[in-house]
Amino acid sequence: MVAKENITGWSVQEIAEKVANDIFDGAYVNLGIGLPELVAGRIQDGKEVIFHTENGLLGMGKPAEPGKEDPELVNAGKKYVTAIPGAAYFHHADSFAMIRGGHIDICVLGAYQVSEEGDLANWSSGNPDDIPAVGGAMDLVAGVDTIFVITKFFTKSGKPKILKQCTYPLTGKNVVKTIYTDMAIIDVENKKLKVRELAPGVEFDFLQQNTDAKLYM
Amino acid sequence: MINKIANSVHEAVSGIFDGATVMISGFGEAGSPIELIHALVDKGVKDLTVVSNNAGSGHVGLAALIENRQVRKIICSFPRTAISVVFPELYRKGEIELELVPQGTLAERIRSAGAGIPAFYTPTSVNTPLEEGKEKRDFNNRTYVLEHAIYADFALVKCAKADRYGNLVYNKTARNFGPIMCMAAKNTIVQAKEVVEVGDIDPEHVVTPGIFVKKVVEVPNPADESKLVEQERRYPW
């Protein structure tokens with residue numbers, strides 16, 4: 001068995017590029033906080049993609065340049081951003097009407113865990129000492145048809161994030177469409193995990209040995 | 001004559017009473033009416049229920065109101081940020097109550113109150129721990145949970161421009177919860193960066209029509225919460 005320390009797989013920028021490849025020209029896309037934010041910078045030239053941020057902006061642009069930050073122009077992660085020409089501002093109820101009403105095409109989220117059937121856990125570790133906080137994650141998975149997850153295959157302590165069952169509290173059940181990781185791209189099809197693409201140097205058997213979820217090729 | 005202009009932030013918040021439910025606009029610092037909140041700290045009213053997306057940063061604004069032990073309960077979606085210290089400490093000690101609400105559900109519960117809708121069904125939180133205790137019903141082969149409107153006695157809101165009728169224009173993503181909180185509260189109190197003459201705001205550009213607003217106070221140079229947090233300032237100064 002190959003030691004997982006010896007497998008590097010894709011870099012986070014390469015994973016973000018894989019996600020960007022699957023975002024169609026003209027899509028309205030919501031990006032979660034953290035790794036998903038990298039996707040914005042990887043959209044291929046010639047594609048026009050409009051980014052939604054749930055705190056009330058459609059047409060989110062690049063991060064604000066140092067010295068040009070505006071405390072009243074932020075993204076969902078409260079980072080300073082810019083607005084593209086053609087952007088629109090709106091209040092929170094309208095913003096979540098876009099989400100819940102099925103108007104956003106794709107949402108890219110981070111994950112603590114994803115189950116064999118596409119359940120997502122990304123808001124709480126279930127630790128009673130943690131302050132509970134949910135934000136917009138549950139609304140996004142309930143309202144957006146296409147949920148992409150971008151994550152490392154293993155946690156920092158080397159445990160798999162893809163599991164037969166999530167052990168953390170769920171954000172939503174049967175909601176994930178595709179999981180983009182440093183080791184592989186995995187589609188959730190009819191509640192089954194199908195490996196679409198393996199990163200260089202990664203074998204199917206290695207993946208299967210490292211998760212209790214059943215994988216298909 | 002209609003004149004909703006108050007002469008000071010203290011005059012604007014003078015009617016807020018012990019035990020009131022107070023909505024506070026803002027997404028983090030963007031749109032947070034920090035001068036109105038500080039006036040409420042000065043007033044010292046207690047036992048408040050606060051409805052706000054977050055629970056404050058550092059020791060200013062909403063965090064100062066909580067630290068001053070004026071808040072009994074907070075209804076919010078995301079009370080945890082890298083620089084929130086006051087709320088986590090009191091919550092762990094069991095000295096403040098939290099009702100955690102998904103962000104879109106929070107927004108719609110506020111909007112509903114302002115629109116005269118007492119409750120609604122939403123798919124958000126189904127099959128998660130946050131569905132517990134909620135009535136469920138299926139529509140078109142999908143399960144939804146019943147959520148109730150959140151009514152408030154007061155709303156404290158920040159905007160960019162206002163007139164004496166209470167017509168409001170916001171600035172960028174500082175709009176967030178402002179317009180719906182104006183609708184949901186019996187008494188909406190607004191701090192505006194600029195007060196202009198009636199007629200100066202193009203009716204096509206009015207975001208919150210004055211009917212939803214009770215009081216407006218001009219605060220021409222509102223503080224940047226993030227700068228105060230960075231400087232480790234505490235309110236009262």
Side-chain angles (χ1 to χ4, degrees), chain A residues 33 53-58 60 69-83 87-102 119-121 123-124 126 128-143 166 168-175, chain B residues 25 27-31 53-55 57 76-82 84 87-88 91-92 98 100-112 114-115 122-131 144 158 160 170-181 183 207-208 224-227:
Chain A
I33 298 164
T53 182
E54 60 260 34
N55 54 313
L57 165 61
L58 205 51
M60 180 176 67
E69 299 95 343
D70 179 344
E72 299 202 325
L73 181 45
V74 295
N75 67 8
K78 304 192 176 75
K79 294 200 180 91
Y80 302 118
V81 294
T82 56
Y89 298 111
F90 35 84
H91 63 64
H92 249 81
D94 279 353
S95 186
F96 280 85
M98 292 175 195
I99 293 168
R100 231 188 285 99
D119 302 346
L120 174 67
W123 70 283
S124 165
D129 289 339
D130 287 350
I131 303 296
V134 62
M138 287 186 184
D139 304 282
L140 285 161
V141 300
C166 295
Y168 291 163
L170 292 189
T171 310
K173 203 164 171 52
N174 310 130
V175 293
Chain B
S25 69
F27 185 84
E29 73 169 321
N53 188 59
N54 306 98
S57 293
C76 85
S77 90
F78 209 88
R80 184 181 68 206
T81 64
S84 71
F87 175 82
Y91 180 77
R92 288 199 177 98
L98 169 68
L100 188 71
V101 183
Q103 200 172 137
T105 299
L106 181 65
E108 194 60 19
R109 288 177 66 189
I110 295 167
R111 195 201 69 83
S112 296
T122 176
T124 303
S125 87
V126 170
N127 289 318
T128 80
L130 296 189
E131 72 165 20
Y144 295 78
K158 184 187 188 185
Y170 299 84
N171 182 43
K172 305 188 184 83
T173 58
R175 183 182 307 191
N176 58 68
F177 285 88
I180 51 175
M181 287 182 170
M183 295 165 65
V207 176
T208 292
D224 283 349
E225 186 185 279
S226 54
K227 285 202 181 113

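Below, read A as the first sequence line, B as the second, and so on, with proteins coming before strands; counting in each chain starts at 1. Basis for what follows: all heavy atoms, side chains included, without hydrogens, waters or symmetry-related copies.
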Donor-acceptor contact present, side-chain Asn54(B) to main-chain Phe78(B), <3.5 Å: yes

Side chain / backbone / both / neither for Ile131(A) at chain B, heavy atoms under 4.5 Å: both

Contacting region of Tyr89(A) [heavy-atom separation from chain B under 4.5 Å]: both

Partner residues of Glu72(A) under the side-chain hydrogen bond (donor to acceptor under 3.5 Å, both in side chains) criterion, sequence neighbours left out: Lys158(B), Asn171(B)

Top of Ala55(B), Pro102(B), Ala30(B), Ala160(B) for chain A proximity - count of heavy-atom pairs under 4.5 angstrom: Pro102(B)

Contact class of Leu98(B) relative to chain A, heavy atoms under 4.5 angstrom: side chain

Check against side chain to side chain contact (heavy atoms under 4.5 Å, CB included), Phe27(B) and Thr173(B): CA-CA 8 Å; Phe27(B) 185 84; Thr173(B) 58; over 6 Å; no

Stepwise side chain to side chain contact (heavy atoms under 4.5 Å, CB included) check, Thr53(A) with Val81(A): CA-CA 10 Å; Thr53(A) 182; Val81(A) 294; 5.7 Å; no

Flag, side chain of Arg92(B) to backbone of Asp129(A), donor-acceptor distance under 3.5 Å: yes

Most contacts with chain A, counted as non-hydrogen pairs under 4.5 angstrom, among Val101(B), Asn53(B), Asp224(B), Ile180(B): Ile180(B)

Evaluation steps, side chain to side chain contact (heavy atoms under 4.5 Å, CB included), between Met138(A) and Trp123(A): CA-CA 9 Å; Met138(A) 287 186 184; Trp123(A) 70 283; 3.5 Å; yes

Residue selection (most heavy-atom pairs with chain A, distance under 4.5 Å) from Gly28(B), Ser226(B), Pro79(B): Pro79(B)

Proximity breakdown for Asn176(B) and chain A, heavy-atom pairs closer than 4.5 Å: both

Most contacts with chain B, counted as non-hydrogen pairs under 4.5 angstrom, among Leu57(A), Asp94(A), Val74(A): Val74(A)

Under 3.5 Å: donor-acceptor pair, side chain of Glu131(B), backbone of Asn127(B): yes

Residue part contacting chain B, namely of Tyr80(A), when any heavy atom lies under 4.5 Å: side chain

Toward chain A, the part of Tyr91(B) with a non-hydrogen atom under 4.5 Å: side chain

Lys227(B), NZ: over 12 other non-hydrogen atoms inside 6.0 angstrom: no

Set of salt bridge (Lys or Arg N to Asp or Glu O under 4.0 Å) partners for Lys78(A), sequence neighbours left out: none

Ser25(B) (side chain) donor-acceptor with Gly31(B) (main chain) under 3.5 angstrom: yes

Which atoms of Asp70(A) approach chain B - backbone, side chain, both or neither, heavy atom under 4.5 Å: side chain

His91(A) ring center near Tyr170(B) ring center (under 6.0 Å): no

Toward chain A, the part of Arg80(B) with a non-hydrogen atom under 4.5 Å: both

Under 4.5 Å from any heavy atom of chain B - which part of Thr171(A): backbone

Region of Phe87(B) in contact with chain A, defined by heavy-atom distances below 4.5 Å: side chain

Contact class of Ser125(B) relative to chain A, heavy atoms under 4.5 angstrom: both

Which of Leu130(B), Leu106(B), Val126(B) touches chain A most, by non-hydrogen pairs under 4.5 Å: Leu130(B)

Leading residue by heavy atom contact count with chain B [cutoff under 4.5 Å; candidates Pro132(A), Ser124(A), Ala93(A), Ala76(A)]: Pro132(A)

Option in Pro88(B), Ser84(B), Cys76(B) with maximal non-hydrogen atom pairs under 4.5 Å from chain A: Pro88(B)

Short side-chain to backbone donor-acceptor contact, Arg100(A) and Thr122(B), under 3.5 Å: no

Any Asn174(A) side-chain heavy atom under 4.5 Å of Asp119(A) side chain: yes

Option that, when pairs with chain A are counted at under 4.5 Å, heavy atom only, ranks first among Glu29(B), Arg111(B), Glu225(B): Glu29(B)

Which atoms of Ser112(B) approach chain A - backbone, side chain, both or neither, heavy atom under 4.5 Å: neither

Val207(B) versus chain A, the contacting section by heavy-atom distance below 4.5 Å: neither

